[in-house]
Amino acid sequence: MGIYNTLKHAMRCPRCETEAEMAVDLYFGTRDLIEYKIGDRILWTGKKAVKNGGRPVGGNLEGEAYTECPVCQKDFYVIAHVRNDVLVGVESDPNKRPHIAD
């Protein structure tokens with residue numbers, strides 16, 4: 001199990017179609033167990049590659065994230081949108097296969 005920052009955010013589960021507050025693991029930025037919300041500035045790890053938590057060019061990123069629905073207990077991947085170092089939104093990633101089978 002990895003250590004990730006999280007985003008608590010209401011979103012629709014693509015598996016059961018229910019909207020619920022989800023704890024989304026963010027696979028980018030520092031690994032300081034920060035709980036972000038939309039509109040927060042992302043903290044990056046200095047002088048590291050983006051894949052190791054470093055800052056992307058211009059502070060812009062379509063970052064990978066992951067969550068499990070508290071209603072159906074199924075998982076799905078999420079795309080987190082970061083613009084100018086600010087977390088501006090998230091959406092489910094329809095192209096990344098979940099771990100938990102239907």
Report task. Would you please test E64 and K96 for side chain to side chain contact (heavy atoms under 4.5 Å, CB included) and show each step? Result -> CA-CA 10 Å; E64 184 175 280; K96 186 118 181 174; 3.0 Å; yes
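Taking each heavy atom of G29 and I42 in turn, the nearest pair found is CA-CG2, 4.4 Å. Considering all non-hydrogen atoms of both residues, R31 and L26 come closest at NH1-O, 3.9 Å. Nearest heavy atom pair, residue V90 against residue H9, reads CG2-CD2, 3.5 Å. Residues I79 and E62 come closest through the heavy atom pair CG2-OE1, 3.7 Å.
Sorted by first and then second residue, the salt bridge (charged side-chain N to carboxylate O under 4.0 Å, His left out) pairs involving residues 71-81 (not counting sequence neighbours) are R15-D75. Among residue pairs with one or both ends in residues 53-76, those qualifying as ring-ring contact (aromatic ring centres under 6.0 Å, His included) are Y66-Y77, Y66-H99; sequence neighbours excluded. Pairs of residues two or more places apart, or lying in two chains, that qualify as ring-ring contact (aromatic ring centres under 6.0 Å, His included) and include a residue from residues 10-48 are Y4-Y27.
Remark: E35 engages T6, K8 in a side chain to side chain contact (heavy atoms under 4.5 Å, CB included) (not counting sequence neighbours). Remark: R41 engages no residue in a side chain to side chain donor-acceptor pair (under 3.5 Å) (not counting sequence neighbours). By the salt bridge (charged side-chain N to carboxylate O under 4.0 Å, His left out) test, D32 pairs with no residue at all, sequence neighbours left out.
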N/O donor-acceptor pairs under 3.5 Å from side chains in residues 47-55, not counting sequence neighbours:
from	atom 1	to	atom 2	distance (Å)
R55	NE	D85	OD1	2.9
R55	NE	D85	OD2	3.2
R55	NH2	D85	OD2	3.0

Mind listing the side-chain donor-acceptor pairs of residues 18-25 below 3.5 Å, one per line with the distance, residues two or more places apart or on another chain?
none

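Two residues are said to be in side-chain contact when any heavy atoms from C-beta on lie closer than 4.5 Å; C72 and C13 meet this criterion.
Cluster note: V88 groups with V86 through ILVMFWY side-chain heavy atoms spaced under 4.5 Å, whether in direct contact or through intervening members.
The CG atom of L87 lies 9.5 Å from the NE2 atom of H81; values are rounded to the nearest 0.5 Å.
Here the side chain of N5 pairs a donor or acceptor atom with the backbone of I34 at under 3.5 angstrom.
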